Asks: 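Below you will find the structure I want to go over with you.
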Amino acid sequence: MRPIDYTVAQDVKGALQKLSARPADSVPIGGGTNLVDLMKLYVQNPATLVDINGLPLAEIQEEGGGLRIGALVRNSDLANHPLVRERYPVLSEALLAGASPQLRNMATVGGNIMQRTRCAYFRDISQPCNKREPGSGCGAIGGYTRMHAVLGVSDKCIAVNPSDMNVALAALDATVHISGPKGERKVPFVEFHLVPGSHPEKETVLQPGELITHVTLPASRFAARSHYLKVRDRASYAFALTSAAVALELDGHTIKDARVALGGVATKPWRSHEAEKALIGQPADEVRFKAAAAAAMKGAKPQGENTFKVELARRTLVRALSMAAGLA
Ligand code: SF4
């Protein structure tokens with residue numbers, strides 16, 4: 001049994017002070033749906049929990065033609081918000097594809113952004129894991145890899161980022177807003193998560209003592225044609241084998257603009273500019289969708305049981321694009 005300090009913050013300034021007191025050992029807790037799981041498994045062992053549920057970060061507001069989404073907005077509230085359903089349906093679909101209703105009622109946007117991998121070796125402290133314990137090795141490489149990544153992998157880690165919401169936020173050009181001891185800063189969502197490289201323990205650009213306060217979305221140009229498609233082992237409450245968040249802007253039959261992000265196959269929410277390049281200026285048809293899917297998966301490095309993901313991801317993307325274009 002380890003003692004854990006628990007403290008409640010009343011505002012952002014107070015939360016930052018509490019986090020900064022012991023930055024390496026303190027973590028904020030919102031819904032706790034991921035963090036408490038990992039604490040029970042002794043995978044994550046913070047000395048101090050800073051409860052941020054009282055902070056004024058649970059609003060969804062229109063801002064600059066887009067949306068400002070507080071870090072404490074619950075996943076179910078975001079998924080069902082009228083402006084999200086109307087202007088960013090791909091985000092609503094991604095959220096509703098994740099977890100269970102009970103978990104979505106508790107889980108927050110900030111927590112979902114920081115959601116950690118479901119790699120079974122990471123979650124079992126008897127196994128080697130470079131992410132949990134740098135330098136200890138990787139149980140997955142050479143082990144059972146069916147749920148692991150094929151994009152963004154390194155020889156140190158092949159763990160998948162498990163979030164559905166993150167895939168949609170990557171496609172929608174979201175921005176993450178952060179407060180910390182040195183002030184406020186913002187990071188494009190696609191740059192917030194890191195590929196593992198030589199340091200799988202570094203998962204995001206968030207520094208110790210910093211706090212995600214909100215996320216912003218630019219004005220929506222893709223409300224009419226977007227889709228989140230998730231392929232999984234059972235119809236609900238399962239993590240993605242593959243997923244795709246896509247958005248298209250059409251001029252007649254021609255693709256004027258496109259957004260493509262993939263989930264279930266990569267070590268971070270995977271925006272595919274290669275697929276977008278293969279689509280923009282081209283006719284919206286299956287030939288182009290297949291070309292985009294091939295471009296998206298070109299650098300894939302499967303190993304062992306996850307080889308099937310390469311073809312499944314291609315098919316997932318073609319299907320998602322067909323549905324967004326109204327062809328499927
Ligand atoms: Fe750990 Fe990454 Fe290897 Fe999983 S894939 S055991 S998270 S280092």
Side-chain angles (χ1 to χ4, degrees), residues 24-25 27 32-46 98-99 103 107 110-167 170 190-208 230-233 237-243 261-272 296-297 299-313:
D25 289 327
V27 292
T33 53
N34 190 218
L35 175 60
V36 175
D37 262 4
L38 294 173
M39 289 173 66
K40 287 182 191 166
L41 295 168
Y42 295 97
V43 170
Q44 210 163 333
N45 302 296
L103 285 166
N112 200 336
I113 292 172
M114 296 298 291
Q115 189 180 164
R116 306 196 70 192
T117 185
R118 305 300 296 192
C119 171
Y121 301 90
F122 169 75
R123 292 169 63 85
D124 179 347
I125 59 170
S126 71
Q127 297 293 320
C129 173
N130 289 322
K131 187 183 283 297
R132 178 172 25 79
E133 201 180 326
S136 63
C138 172
I141 295 174
Y144 186 63
T145 59
R146 182 171 182 269
M147 296 303 289
H148 285 80
V150 296
L151 292 169
V153 298
S154 75
D155 62 355
K156 299 284 188 289
C157 179
I158 57 171
V160 161
N161 183 291
S163 168
D164 295 294
M165 181 194 77
N166 286 351
V167 186
V190 292
E191 295 173 16
F192 182 80
H193 296 88
L194 303 172
V195 291
S198 303
H199 291 281
E201 75 280 7
K202 289 185 185 164
E203 297 176 348
T204 71
V205 298
L206 198 72
Q207 298 296 317
K230 178 176 180 178
V231 179
R232 47 189 156 174
D233 282 326
Y237 199 30
F239 289 89
L241 295 168
T242 60
S243 73
L262 300 174
V265 289
T267 52
K268 61 179 273 184
W270 197 258
R271 178 79 173 264
S272 179
M297 300 307 294
K301 291 184 180 152
Q303 47 191 299
E305 294 86 358
N306 69 6
T307 303
F308 76 99
K309 283 194 175 185
V310 180
E311 180 57 21
L312 186 61

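The structure presented is a predicted model; accordingly, all values stated were derived computationally and were not measured. Count residues from 1 along the sequence. One-based numbering, in listed order, for ligands and for the atoms of each.
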Asks: List every atom of ligand 1 that sits less than 4.0 Å from any heavy atom of Lys131, numbering the atoms from 1 in the order shown and giving each element.
Replies: 7 (S), 8 (S)
Asks: When Lys131 is tested against each of His199, Glu203, Glu201 for side chain to side chain donor-acceptor pair (under 3.5 Å), which residue passes?
Replies: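 Testing Lys131 for a side chain to side chain donor-acceptor pair (under 3.5 Å) against His199, Glu203, Glu201 leaves exactly one candidate, Glu203.
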Asks: I want to check something: taking the side chain as every heavy atom from C-beta on, are Met114 and Thr204 in contact at a cut-off of under 4.5 Å?
Replies: yes
Asks: Strictly below 4.0 Å, N to O, side chains only: are Asp233 and Arg146 in salt-bridge contact?
Replies: yes
Asks: Check whether Thr145 reaches the backbone of Glu305 with its side chain - one donor and one acceptor, N or O, closer than 3.5 Å.
Replies: yes
Asks: I need the nearest protein heavy-atom contact for atom 6 (S) of ligand 1: residue, atom name and distance, please.
Replies: Tyr121 CB, 3.4 Å
Asks: Does Gly139 come within less than 4.0 Å of ligand 1, judged by its heavy atoms?
Replies: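 Contact present.
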Asks: For Phe122, take its heavy atoms, then give the atoms of ligand 1 lying under 4.0 Å from any of them.
Replies: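 Reading through ligand 1 atom by atom, the close ones are 7 (S).
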Asks: If only atom types and distance count, is the side chain of Asn306 paired as donor or acceptor with the main-chain N or O of Gln303 below 3.5 Å?
Replies: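 At least one qualifying donor-acceptor pair exists.
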Asks: Applying a 4.0 Å heavy-atom criterion (strictly less than), which segment of Pro200 is in contact with ligand 1: side chain, backbone, both, or neither?
Replies: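 Within the 4.0 Å criterion, Pro200 makes no contact with ligand 1.
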Asks: Is there a donor-acceptor pair under 3.5 Å between the side chain of Arg118 and the backbone N or O of Val160?
Replies: no
Asks: Nearest protein heavy atom to atom 3 (Fe) of ligand 1, by residue and atom, and its distance?
Replies: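 Checking every protein heavy atom, the shortest distance to atom 3 (Fe) of ligand 1 gives Cys138 SG, 2.3 Å.
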Asks: Look at atom 1 (Fe) of ligand 1 and say which protein heavy atom is nearest, naming residue and atom and giving the distance to 0.1 Å.
Replies: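 Looking at atom 1 (Fe) of ligand 1, the protein heavy atom closest to it is Cys129 SG, 2.3 Å.
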Asks: For atom 5 (S) of ligand 1, what is the closest protein heavy atom, and at what distance to 0.1 Å?
Replies: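 For this ligand atom, the closest protein heavy atom is Ile158 N, 3.3 Å.
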Asks: Verify, without hydrogens or angle tests, whether Asn161 (side chain) and Ala266 (backbone) share a donor-acceptor contact under 3.5 angstrom.
Replies: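 Not a single qualifying donor-acceptor pair exists.
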Asks: Looking only at protein heavy atoms, which one is nearest to atom 2 (Fe) of ligand 1, and what is the separation?
Replies: Cys157 SG, 2.4 Å
Asks: Nearest protein heavy atom to atom 4 (Fe) of ligand 1, by residue and atom, and its distance?
Replies: Cys119 SG, 2.3 Å
Asks: Quick one: which ligand 1 atoms are inside 4.0 Å of a heavy atom on Asn130?
Replies: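 By the 4.0 Å cutoff, the relevant atoms are 1 (Fe), 8 (S).
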Asks: Where's the contact between Lys156 and ligand 1, heavy-atom distance under 4.0 Å: side chain, backbone, both or neither?
Replies: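 The answer is the backbone of Lys156.
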Asks: So, does Ser136 use its side chain to make a donor-acceptor pair with the main chain of Glu133 at under 3.5 Å?
Replies: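 Yes; judged by distance alone, with no hydrogens or angles, the pair exists.
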